[in-house]
Each structure stands twice: as C-alpha cells, then as structure tokens.
Amino acid sequence: MSMERLDKILASQNTASRKGAGAMIRRGAVAVNGNVVRKADFKVDTQSDEVTINGEILVIRKFLYLMMNKPAGVLSAARDTRVRTVVDLLPPELKRRGLFPAGRLDKDTEGLLIITDDGGFAHRMLAPKSHVFKVYEAVLARPVDAGDIAAFESGVELSDMTCLPAQLQVLEDGGRPLVRVRIREGKFHQVKRMFLARGNEVQQLKRVQI
C-alpha cells in the first residue's frame, strides 16, 4: 500500500501545480473511487484507488521514462540558464518535476537519450558494473582499417586511461565512411577520443541504442 496526499499526487502527474491542485480539489473537480473529495490532504492509495478529474480517470505513474531522439546543439541537462536543454524540448503534457537525462550526450551529438525521474533506474543503467552497452554510428574523416578494428577490440589507449574492449564495424566505406561502435563505457567525449587516438576524426555522431 502506498498512501499519498491527493494534492501531491495531482501535482506529480503534471495536472497542475500543488496550489492549483488544491484549488481543483476544493471546487469539487476531483473524485476518489467515485466520491468527490474536497480536502487536499486526503490520503489516496496510489496502487488501488481510482482518481478522476472532471470524470476522466487519472493514470498515476510513479516514474516516467521517455526516449528522445536528441538533436545536435541541445544540452544534455535538466536545466541551464543560457542554452536549451533536452528537458526544455519536452511538450507540456510530459513535463514534470524531477526529470533529468540518464547519462549525457555531447552537445553536438544526436540520438537516443533516456529522460526519467527514476534515479535508481538511471544508476543501474549507468553504473560501470552493469555493463550496459551503448551503440553509436559515426561519420569519419577517413576510412578505418584492420588495425583500428583490432585496437578497439583490445582497448584503445588514451592519455589518461585504457578503454574497455569495444566493437568497431564498418557500415559504409568511401568518401564519408560510416561506422558503428559498441562500447560499455561513457566517458567524456570517449568515442571521439578513441578515433583521435587512431589518427581519425569524428565528423558526425549519433547514438542508436542503449
């Protein structure tokens, strides 16, 4: 059983602010199990009670999990006073307090980003011991060769660390080589630094899978 105040539940589901939820309750717009409730501190069992607002059932989600195809030029952060963040891009009906990106993509990197308010889930996904693989597609300045593939498999040497073994696969060769990289780390600029260590340069980067 999980008992919570009615006004807190409404605010957590992005129906209104805490103050607005209280006003909604007092004017009789909210019912619990078919009975109108006019007290904001009324306790609701979020697992079994049915809450309706103006007759419409409220689906109570303890946590929210969103998959975003992040565009380039947007910061992977919950908030920033200077630039747009991924949370700023969410439509109003999906915004709620506590949302944050679980992990980061560089500002100029595109692709899959998980946004949630479940800190435990984010920790399990990002913890090194979980060995969760991330897959990227990269457009490179120059083609890769067998030596690059072998270096990724054995662990690329960077100035401050040796990367864990990774997989490098050529998707398209030629003028704009396209490769796929599968890693289980997520250090700052790691994919770009791995290619720089091999004398190459990432011109475009997109995460396609976690």
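Shown here is Glu93, whose CD atom has more than 12 heavy atoms of other residues, nucleotides or ligands within 6.0 Å. Surrounding CZ of Arg96 are more than 12 heavy atoms belonging to other residues, nucleotides or ligands, all under 6.0 Å away. The neighbour count for Met67 CE, taken as heavy atoms of other residues, nucleotides or ligands under 6.0 Å away, does not exceed 12. The 12-atom threshold is not exceeded at CZ of Arg84, counting heavy atoms of other residues, nucleotides or ligands nearer than 6.0 Å.
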Throw together a table of side-chain donor-acceptor distances under 3.5 angstrom for residues 119-129, partners on residues two or more places apart or in other chains.
unit_1: Arg124; atom_1: NH1; unit_2: Gly120; atom_2: O; d: 3.4

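Within the model, atoms CD1 of Ile57 and CD of Glu50 stand 4.0 Å from one another, a figure rounded to the nearest 0.5 Å. Considering OG1 of Thr109 and CZ of Arg104, their distance stands at 13.0 Å, rounded to 0.5 Å.
In this structure, Val202 is a member of the same hydrophobic cluster as Leu158, with clusters built from ILVMFWY side-chain heavy atoms closer than 4.5 Å. Note on Val132 and Val135: separate hydrophobic clusters, where clusters join Ile, Leu, Val, Met, Phe, Trp and Tyr whose side-chain heavy atoms are under 4.5 Å apart, directly or indirectly. By the criterion of side-chain heavy atoms lying less than 4.5 angstrom apart, applied directly or through intervening Ile, Leu, Val, Met, Phe, Trp or Tyr residues, Val144 is grouped together with Ile183 in one hydrophobic cluster. The hydrophobic cluster containing Val170 also contains Leu140, counting ILVMFWY residues as joined when their side-chain heavy atoms lie under 4.5 angstrom apart, directly or transitively. No continuous path of hydrophobic side-chain contacts links Val139 to Ile149 [ILVMFWY only; heavy atoms under 4.5 Å].
Using a 4.5 Å cut-off on side-chain heavy atoms (C-beta onward), Thr116 and Phe100 make contact. Side-chain contact check for Lys134 versus Arg182: every heavy-atom pair is 4.5 Å or farther apart. Within the 4.5 Å cutoff, the side chain of Leu58 has heavy atoms near those of the Leu10 side chain. Side-chain contact check for Met194 versus Gln190: some heavy-atom pair is nearer than 4.5 Å. In this structure, Pro177 and Arg142 have side chains that are not in contact, with every pair of non-hydrogen atoms separated by 4.5 Å or more. Side-chain contact between Tyr136 and Leu105 is present, with at least one heavy-atom pair separated by less than 4.5 Å. Side-chain contact check for Val30 versus Val37: every heavy-atom pair is 4.5 Å or farther apart. Looking only at side-chain heavy atoms (C-beta outward), Val51 and Ile60 come within less than 4.5 Å of each other.
Comment: Lys192 engages Asp108 in a salt bridge, judged by a side-chain N to carboxylate O separation of less than 4.0 angstrom. Of the charged side-chain nitrogens involved, none lies within less than 4.0 Å of a carboxylate oxygen, so that Asp118 and Lys62 do not count as a salt-bridged pair.
Residues passing the ring pair (Phe, Tyr, Trp, His ring centres under 6.0 Å) test with Phe195, sequence neighbours excluded: Phe152. Under the side-chain contact (heavy atoms from CB on, under 4.5 Å) criterion, Glu172 pairs with Leu178, not counting sequence neighbours. Contacts of Glu137 classified as salt bridge (charged side-chain N to carboxylate O under 4.0 Å, His left out), with partners at least two apart in sequence or in another chain: Arg180.
Using modelled atom types, one finds no donor on one side chain facing an acceptor on the other under 3.5 Å when comparing Thr46 with Glu4. A donor-acceptor pair shorter than 3.5 Å cannot be found between the side chains of Gln167 and Glu153.
Checking side-chain atoms of Lys187 against main-chain N and O of Glu185 turns up no donor-acceptor pair under 3.5 Å. A donor-acceptor contact shorter than 3.5 Å links the side chain of Asp49 to the backbone of Asp45. Remark: side-chain polar atoms of Thr85 are not paired, donor with acceptor, to backbone N or O of Ser76 under 3.5 angstrom. When atom types are taken as modelled, the side chain of Lys70 and the backbone of Lys107 share a donor-acceptor pair closer than 3.5 angstrom. A donor-acceptor contact shorter than 3.5 Å links the side chain of Asp145 to the backbone of Asp148. A donor-acceptor contact shorter than 3.5 Å links the side chain of Ser154 to the backbone of Ala150.
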> Between Ile25 and Leu6, does a side-chain contact (heavy atoms from CB on, under 4.5 Å) hold up when you go through it step by step?
Replying inline: CA-CA 8 Å; Ile25 294 166; Leu6 183 56; 3.7 Å; yes
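The side-chain contact (heavy atoms from CB on, under 4.5 Å) test with Leu66 singles out one residue from Asp117, Leu90, Val86, Ile114, and that residue is Leu90.
Annotation: side chain to side chain donor-acceptor pair (under 3.5 Å) contacts involving residues 5-14, sequence neighbours excluded, comprise Arg5-Asp7, Asp7-Arg18. The list of salt bridge (charged side-chain N to carboxylate O under 4.0 Å, His left out) pairs with a residue in residues 28-41, not counting sequence neighbours, is empty.
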